[in-house]
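Heads up: the structure comes next, in structure tokens.
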Amino acid sequence: MEPVDKQLIVFDFDWSMADQDSDRYVFEVVAPDLRRKMKGLKDQIQWTDLVAQTLAEAHGRGITRAQIEHALKIMPFHPAMARAVDKLKKAGYTDFLCLSNANSIFISTILEDKKLTHIFSEIITNPAEWDGELLRLRRRVDPEGPQHSCTVGCSPNMCKGEELEAFLARHGKEFDRIVYVGDGSNDFCPILRLREQDLVLCRSHRGLQRRIDKEGAEKGLKAKIQYWAGAWEVEEIFATL
């Protein structure tokens, strides 16, 4: 691709930077019956609330902070992804933003384990904190306060499109190119905010591709789309940026 002076790479986290879904994987490791219970409740309870509820239930049965942290540290994370982001960060002309529906503790624990805490200038996600052995999680958008105004279908806990626009306004600088790496249907809203010179790296055969195929033209999607299946392909693409 054409060289640029300054670019922004926006990463979703689960199934985009990491090779699994952290909310689900933790319970698959520490308490598969709770993971099964989540599967049955996911259409009845808002997802962030459901994860918070399940963390509390896990704590109630004696599952420890160490067990949860261990699950996060063994969660699949491809070495090619780690190499790709580290190399671009060190080159000096790329800023990285994480825009995720996971939570701050899950993401920071994984990044620390992979020695990637230097990558992101900002991580926008649901806040979480340890209270002894209990991990307390809450929505980024407080259900008791003002709600976001998304009409594209973002979850109540966060509109990624509004968050991306707010980040760009806060940092007050023009990026010659924005690259968005995502996989899920909730990544559709932010990619609608991108320009013709921007690029979407969409993980194949997941929710984001389905929304692009179904609604992209109708909703006026402008950015270029490039599909990938494995982290080694992202590494190849990043080498051209």
Side-chain angles (χ1 to χ4, degrees), residues 1-22 75-102 107 110-111 114-125 160-161 163-164 167-168 171 173-217 219-241:
M1 299 188 71
E2 292 183 10
V4 295
D5 292 328
K6 195 71 176 173
Q7 66 184 353
L8 174 68
I9 296 184
V10 185
F11 261 100
D12 174 43
F13 194 75
D14 295 329
W15 288 120
S16 296
M17 177 170 271
D19 248 347
Q20 251 291 347
D21 181 292
S22 57
M75 195 179 92
F77 194 108
H78 203 292
M81 188 65 76
R83 289 194 303 262
V85 296
D86 186 57
K87 185 175 181 180
L88 260 186
K89 180 70 173 183
K90 287 176 177 174
Y93 57 91
T94 304
D95 286 355
F96 285 85
L97 166 67
C98 182
L99 200 52
S100 169
N101 269 313
I107 292 171
I110 292 168
L111 292 177
K114 307 302 182 241
K115 297 180 173 55
L116 295 174
T117 55
H118 62 292
I119 295 298
F120 292 113
S121 59
E122 197 168 327
I123 296 174
I124 298 172
T125 188
K160 288 190 172 186
E163 295 287 359
L164 176 58
F167 173 87
L168 294 172
H171 288 266
K173 53 187 171 186
E174 281 290 322
F175 293 98
D176 302 311
R177 176 168 60 220
I178 299 173
V179 180
Y180 192 103
V181 187
D183 74 285
S185 61
N186 60 9
D187 295 310
F188 185 65
C189 180
I191 71 170
L192 292 178
R193 320 291 177 115
L194 301 182
R195 309 156 298 180
E196 291 182 1
Q197 70 262 39
D198 298 329
L199 174 66
V200 176
L201 298 186
C202 173
R203 195 157 199 177
S204 303
H205 310 304
R206 302 189 66 84
L208 180 57
Q209 182 174 3
R210 290 190 288 273
R211 291 202 70 179
I212 290 171
D213 291 345
K214 184 178 179 181
E215 306 171 59
K219 293 286 199 302
L221 178 60
K222 300 181 183 69
K224 298 180 285 292
I225 310 295
Q226 191 163 347
Y227 293 99
W228 61 281
W232 63 277
E233 294 170 291
V234 175
E235 185 177 30
E236 286 183 334
I237 296 164
F238 276 15
T240 72
L241 297 178

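It should be emphasised that the depicted structure is a prediction, and the values quoted were computed from it without experimental measurement.
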* If we only count heavy atoms from C-beta on, is the Ile191 to Ile212 side-chain gap below 4.5 Å? -> yes
* Between Leu97 and Leu164, does a side-chain contact (heavy atoms from CB on, under 4.5 Å) hold up when you go through it step by step? -> CA-CA 9 Å; Leu97 166 67; Leu164 176 58; 4.0 Å; yes
* Take Phe238 and Lys87, measure what side-chain contact (heavy atoms from CB on, under 4.5 Å) needs, and give me the verdict at the end. => CA-CA 9 Å; Phe238 276 15; Lys87 185 175 181 180; over 6 Å; no
* Asked: Does the Lys89 side chain pair with the main chain of Ile119, one donor and one acceptor, at a distance under 3.5 Å?
  -> yes
* **Residues forming a side chain to side chain donor-acceptor pair (under 3.5 Å) with Gln197, sequence neighbours excluded** => none
* **Any side-chain heavy-atom pair of Ile9 and Val85 under 4.5 Å** => no
* Please list, chain by chain and in numerical order, all residues satisfying side chain to side chain donor-acceptor pair (under 3.5 Å) with Asp21, sequence neighbours excluded. => Arg24
* Asked: Does Tyr93 reach the side chain of Leu88, with side-chain heavy atoms less than 4.5 Å apart?
  -> yes
* **With Arg206, the salt bridge (Lys or Arg N to Asp or Glu O under 4.0 Å) member among Asp183, Asp12, Asp14** => Asp183
* To do: Consider only side-chain N and O atoms of Asp198 and Tyr180, and report whether a donor and an acceptor are under 3.5 Å apart.
  => no
* **Closest approach of His205 to Gln209 (non-hydrogen atoms, all atoms of both residues)** => N-OE1, 2.5 Å
* Asked: Taking the side chain from Asp95 and the backbone from Leu8, do they hold a donor-acceptor pair closer than 3.5 Å?
  -> no
* Between Phe175 and Leu168, is a side-chain contact (heavy atoms from CB on, under 4.5 Å) present by the stated rule, with each step listed? -> CA-CA 9 Å; Phe175 293 98; Leu168 294 172; 3.9 Å; yes
* To do: Determine the minimum heavy-atom distance between Ser16 and Met81, stating which atoms define it.
  => O-CE, 3.1 Å
* Do Met1 and Ile237 come within less than 4.5 Å of each other through their side chains, counting heavy atoms only? -> no
* Taking the side chain from Ser185 and the backbone from Leu208, do they hold a donor-acceptor pair closer than 3.5 Å? -> no
* How are the rings of Phe96 and Phe120 set relative to one another: parallel (under 30°), tilted (30 to 60°) or perpendicular (over 60°)? -> perpendicular
* To do: Apply side chain to side chain donor-acceptor pair (under 3.5 Å) to Glu122 and His171, showing your working.
  => CA-CA 11 Å; Glu122 197 168 327; His171 288 266; 3.1 Å; yes
* **Minimum-distance pair of heavy atoms, taken over all atoms of Tyr227 and Ser204** => CB-OG, 3.6 Å
* Is any side-chain heavy atom of Leu111 closer than 4.5 Å to a side-chain heavy atom of Met17? -> yes
* Looking only at atom types and distance, does a side-chain atom of Lys160 sit under 3.5 Å from a main-chain N or O of Asn186, one as donor and one as acceptor? -> no
* **Lys224 side-chain N/O to Glu196 backbone N/O, donor-acceptor pair under 3.5 Å** => yes
* Any side-chain heavy atom of Ile107 sitting closer than 4.5 Å to one from Cys98? -> yes
* Asked: Shortest non-hydrogen contact from Leu194 to Leu199?
  -> CD1-O, 4.4 Å
* Asked: If you draw the axis of the six-membered ring of Trp15, does the NZ or CZ of Arg203 fall within 45° of it and under 6.0 Å from the ring centre?
  -> no
* **Gln7 and Asp176, any side-chain heavy atoms less than 4.5 Å apart** => no
* Lys219 atom NZ: more than 12 heavy-atom contacts under 6.0 Å -> yes
* **N/O donor-acceptor pair under 3.5 Å between Arg177 side chain and Glu2 backbone** => yes
* To do: Could you check Thr94 against Leu241 for side-chain contact (heavy atoms from CB on, under 4.5 Å), going step by step and ending with a plain yes or no?
  => CA-CA 9 Å; Thr94 304; Leu241 297 178; over 6 Å; no
* Listed partners of Arg210 passing side chain to side chain donor-acceptor pair (under 3.5 Å), at least two apart -> none
* **Minimum heavy-atom distance between Glu233 and Trp228, given as atom pair plus value** => OE1-C, 3.8 Å
* **Student check: side-chain heavy atoms of Ile110 and Phe13 closer than 4.5 Å** => yes
* Any donor-acceptor pair under 3.5 Å from Thr125 side chain to Ser100 backbone -> yes
* **Step-by-step salt bridge (Lys or Arg N to Asp or Glu O under 4.0 Å) determination, Glu174 to Arg195** => CA-CA 12 Å; Glu174 281 290 322; Arg195 309 156 298 180; 3.6 Å; yes
